[in-house]
**Q** 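Below is a structure I'd like to ask you about.
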Amino acid sequence: MLPCGLVGGHAYSVVGIGSAMGNRLIRFRNPWGQGEWTGKWSDKNTEGEWTPEMKDALSYIDENDGTFWMSVE
């Protein structure tokens, strides 16, 4: 596993896209069901991106389930 939480040489599924408050995000899923992105917009991010409004707009769930959001940028 890479320091960013992703598995090198591994395929991820795109399971959704979302746009809210000027942010465009893609939702991914690790088919193994574990191992998630740890950068910006991740469940572990502490920079405050996931405001209550953003969580509500994108139906955000904080679980270690292999799904995670990343910015299009």
Side-chain angles (χ1 to χ4, degrees):
M1 187 171 300
L2 302 171
C4 65
L6 300 178
V7 179
H10 182 62
Y12 290 83
S13 302
V14 173
V15 294
I17 57 172
S19 180
M21 315 319 170
N23 299 289
R24 296 181 311 151
L25 305 175
I26 302 171
R27 188 171 185 206
F28 295 93
R29 183 174 189 283
N30 180 341
W32 293 348
Q34 59 186 15
E36 297 182 11
W37 167 248
T38 59
K40 188 172 182 177
W41 294 106
S42 71
D43 292 349
K44 299 196 182 327
N45 187 268
T46 59
E47 296 181 31
E49 292 90 11
W50 286 114
T51 64
E53 295 82 15
M54 282 297 295
K55 289 179 180 182
D56 190 45
L58 297 175
S59 301
Y60 170 85
I61 299 172
D62 180 8
E63 291 184 5
N64 187 17
D65 58 0
T67 61
F68 55 92
W69 291 93
M70 286 180 125
S71 173
V72 169
E73 289 77 29

**Q** Mind checking what makes side-chain hydrogen bond (donor to acceptor under 3.5 Å, both in side chains) contact with Arg29, not counting sequence neighbours?
**A** none

**Q** Does Thr51 have any side-chain hydrogen bond (donor to acceptor under 3.5 Å, both in side chains) partners at least two apart in sequence or in another chain, and if so, which?
**A** Glu53

**Q** If you link I, L, V, M, F, W and Y whenever their side-chain heavy atoms are under 4.5 Å apart, who else ends up in the same group as Met54?
**A** Met21, Leu25, Trp41, Trp50, Leu58, Tyr60, Trp69

**Q** Side-chain heavy atoms nearer than 4.5 Å, only ILVMFWY residues, links allowed to pass through others: does that put Phe28 and Ile61 together?
**A**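 Result: no, two separate clusters.
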
**Q** Please give the remaining members of the hydrophobic cluster of Leu2, linking ILVMFWY side chains under 4.5 Å, ordered by chain and number.
**A** none

**Q** Show me, pair by pair, the donor-acceptor contacts under 3.5 angstrom made by side chains of residues 5-19, not counting sequence neighbours?
**A**
unit_1: His10; atom_1: NE2; unit_2: Asn30; atom_2: OD1; d: 2.7
unit_1: Tyr12; atom_1: OH; unit_2: Val7; atom_2: N; d: 2.8

**Q** If you apply the rule side-chain contact (heavy atoms from CB on, under 4.5 Å), what do you find for Trp37 with Ser42, and how did you get there?
**A** CA-CA 6 Å; Trp37 167 248; Ser42 71; 3.7 Å; yes

**Q** Taking all non-hydrogen atoms of both residues, which atom of Glu63 and which atom of Glu36 are closest, and how far apart?
**A**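 Smallest interatomic distance, heavy atoms only, reads O-OE2, 3.0 Å.
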
**Q** Could you pull out all residues at least two apart from Asp65 that satisfy side-chain hydrogen bond (donor to acceptor under 3.5 Å, both in side chains)?
**A**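 Checked Asp65 against side-chain hydrogen bond (donor to acceptor under 3.5 Å, both in side chains); matches are Thr67.
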
**Q** Apply side-chain hydrogen bond (donor to acceptor under 3.5 Å, both in side chains) to Thr38 and list each qualifying residue two or more places apart in sequence or on a separate chain.
**A** none

**Q** Strictly by salt bridge (Lys or Arg N to Asp or Glu O under 4.0 Å), give each pair with a member in residues 2-25 just once, sequence neighbours left out.
**A** Arg24-Glu73

